[in-house]
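Notes for the one structure printed next.
If you're wondering where the values come from, they're calculated on a predicted model, not measured in any experiment.
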Amino acid sequence: MFSLSLNYKSADILLREKFCFEDKKVQLLLNILKANNIKECVYLSTCNRCELYGTGDMYNALKILSDFAGAGCEKVKGNFFFYDDYSAIKHLFFVCCGFDSMALGEDEILGQVKKAFEFSQNNHFTDFEMNTVFKAAITTAKKVKTNTLISKSSVSVATLTAAKCHKFISKSKKVLLVGGSGDIGSKVVKNLVSYNEFNIYATSRNRHLINNSINIIPYKNRYDYLNDADIIISATKSPHYIFTADRVKNAVENDKPRLFIDLAVPRDIDEEIDLIDNCILFTIDDLKKIADENKKSKQMN
């Protein structure tokens, strides 16, 4: 067994987003790998990591993966972490438990690993070896979270985002959230609501998956709410920008400070928005600084 890991430690969002694929492309990738003697494989893609777990020739798998992403093996191999045999198994256990996360002990990663594994298992890309290792890692992570203090003061992308919003201007704040019913978006909503200081407008594909205290708006009308919003958060799986700089300029009629937070990989928000007066763009990579401070605090305790 091997693992190829491209994560927040070694690659910025510009590179990671090239390796972030929707389910249909993941299935195509796994089919290509299987046809090239990578007999078992699981592909994990989150906002902070893109990882391939497999059995077979690790370096051939890296070439296939890099070519599939259009990145070029020689250009990106220095950004990957390589694990094989015992080290690959140990890495998977660490990932599942949140030990390797940007936010130490985060809860989200376990569900993401489980989803990636079940996708491969259901589509016949795993067999005895990978099934055994992944089930053991998932079971162990559940025990760690239940029996240790690492998740008692849970910190995640969602909690870090809510904390950042809380510290942005002191008055009651209006938040526009695109992707409110997604995995990350729904957790951001719960954390924002806990502060009891936000007036939240969110797009959602499923009204029942989102908190009743927020206002549901049509996705197509998102620009109409920009002028009143203090904070704009986007957390979708869209392959293109949700907010572009030119349309933001046209939609905004006042010069009050606005915080844009992009939690998506690939990115949802045009980076040129950061050049607009009084607009601040905060990305998933910017959360790392906050997470590092939290990690130091946990390790000291």
Side-chain angles (χ1 to χ4, degrees), residues 47 102-103 106 108 153-207 209-236 238 241-245 247-265 267-291 293-294:
C47 55
M102 182 181 71
E106 64 151 320
E108 292 161 2
S153 55
S154 179
V155 176
S156 65
V157 168
T159 57
L160 292 173
T161 298
K164 180 68 178 178
C165 293
H166 168 65
K167 294 176 182 178
F168 181 71
I169 64 178
S170 58
K171 65 177 184 178
S172 177
K173 296 163 275 260
K174 291 184 178 179
V175 175
L176 171 60
L177 171 62
V178 179
S181 58
D183 182 46
I184 297 295
S186 59
K187 288 171 181 168
V188 170
V189 167
K190 290 178 182 178
N191 280 276
L192 289 175
V193 169
S194 69
Y195 280 92
N196 197 32
E197 65 181 31
F198 299 103
N199 187 7
I200 306 170
Y201 292 82
T203 68
S204 174
R205 291 183 178 180
N206 190 332
R207 182 178 294 271
L209 294 179
I210 204 161
N211 194 288
N212 290 330
S213 65
I214 73 169
N215 307 287
I216 306 298
I217 65 170
Y219 169 80
K220 65 180 180 180
N221 293 345
R222 63 195 183 282
Y223 282 98
D224 298 336
Y225 290 82
L226 271 180
N227 197 56
D228 288 333
D230 301 295
I231 300 168
I232 300 90
I233 304 171
S234 195
T236 79
S238 173
Y241 286 145
I242 298 302
F243 291 104
T244 60
R247 291 194 65 183
V248 168
K249 283 182 181 178
N250 292 332
V252 170
E253 298 174 357
N254 56 54
D255 59 357
K256 70 177 182 179
R258 287 181 178 82
L259 175 63
F260 287 78
I261 301 180
D262 191 347
L263 300 180
V265 180
R267 290 167 293 174
D268 277 349
I269 300 177
D270 185 350
E271 60 268 29
E272 291 190 6
I273 287 174
D274 201 38
L275 302 177
I276 300 174
D277 289 345
N278 297 308
C279 289
I280 302 167
L281 176 59
F282 204 77
T283 71
I284 194 75
D285 283 354
D286 293 318
L287 289 175
K288 184 178 183 298
K289 297 176 183 177
I290 301 175
E293 294 175 2
N294 180 272

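Summarising the geometry of Cys47 relative to Val265, their closest heavy-atom pair is O-CG2, 3.4 Å, with the distance given to 0.1 Å. Val189 and Gly180 make their closest contact through CG2-O, 4.3 Å (heavy atoms, listed as atom of the first residue, atom of the second, distance). Across Ala162 and Tyr195, no two heavy atoms sit closer than the pair CB-CE1, 3.7 Å. The two residues Ala245 and Glu272 have their closest heavy-atom pair at CB-CB, 3.9 Å. Between Ser204 and Ile216, the shortest heavy-atom distance links the atoms CB-CD1, 4.2 Å. In terms of heavy atoms, Cys279 sits closest to Ile273 at CB-O, 3.4 Å.
For the pair Leu226/Ile232, a side-chain contact is recorded, criterion being any heavy-atom separation below 4.5 Å from C-beta on. In this structure, the side chains of Val178 and Asp268 stay at 4.5 Å or more apart for every pair of heavy atoms. Between Val157 and Glu106, the closest side-chain pair of non-hydrogen atoms is not below 4.5 Å. Residues Leu287 and Leu263 form a side-chain contact, since some pair of their non-hydrogen atoms from C-beta on lies under 4.5 Å apart.
Under the 3.5 Å distance criterion, the side-chain polar atoms of Asn215 are matched with a main-chain donor or acceptor of Ile200. Of the possible donor and acceptor atoms, one in the side chain of Lys173 sits under 3.5 Å from a partner among the backbone N and O of His166. At distances below 3.5 Å, not a single donor-acceptor pair connects side-chain atoms of Thr203 with backbone N or O atoms of Ile217.
Of the inter-residue distances, the one linking Leu160 atom CG with Ile261 atom CD1 reads 10.5 Å to the nearest 0.5 angstrom. The distance from the CD1 atom of Ile231 to the SG atom of Cys165 is 4.0 Å, given to the nearest 0.5 Å. The distance from the CD1 atom of Ile284 to the CD1 atom of Ile184 is 7.0 Å, given to the nearest 0.5 Å.
Under the ring-ring contact (aromatic ring centres under 6.0 Å, His included) criterion, Tyr201 pairs with Tyr225, not counting sequence neighbours. Partners of Lys187 according to the side-chain contact (heavy atoms from CB on, under 4.5 Å) rule, which considers only residues two or more places apart in sequence or in another chain, are Glu108, Ala158, Asp183. Scored by the side chain to side chain donor-acceptor pair (under 3.5 Å) test, Asp285 finds Arg16 as partners (sequence neighbours excluded). Under the rule for a side-chain contact (heavy atoms from CB on, under 4.5 Å), the partners of Lys256 that lie at least two apart in sequence or sit in another chain are Asp230, Asn254, Arg258. Under the rule for a ring-ring contact (aromatic ring centres under 6.0 Å, His included), the partners of Phe243 that lie at least two apart in sequence or sit in another chain are Tyr223. Scanning for side-chain contact (heavy atoms from CB on, under 4.5 Å) contacts around Asp286 gives Phe282, Thr283, with sequence neighbours left out.
Considering Arg247, Glu271, Arg267 in turn, Glu271 is the only one that fulfils the side chain to side chain donor-acceptor pair (under 3.5 Å) rule with Tyr241. Residue Leu259 is tested with Leu281, Ile233, Ile280 for a side-chain contact (heavy atoms from CB on, under 4.5 Å); the sole match is Ile280.
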Side chain to side chain contact (heavy atoms under 4.5 Å, CB included) between Thr161 and Asn191, worked out: CA-CA 9 Å; Thr161 298; Asn191 280 276; over 6 Å; no
Ile214 vs Val175, side chain to side chain contact (heavy atoms under 4.5 Å, CB included): CA-CA, chis, key distance, verdict: CA-CA 10 Å; Ile214 73 169; Val175 175; over 6 Å; no
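When the shell of 6.0 Å around CG of Asn221 is examined, it contains more than 12 heavy atoms from other residues, nucleotides or ligands.
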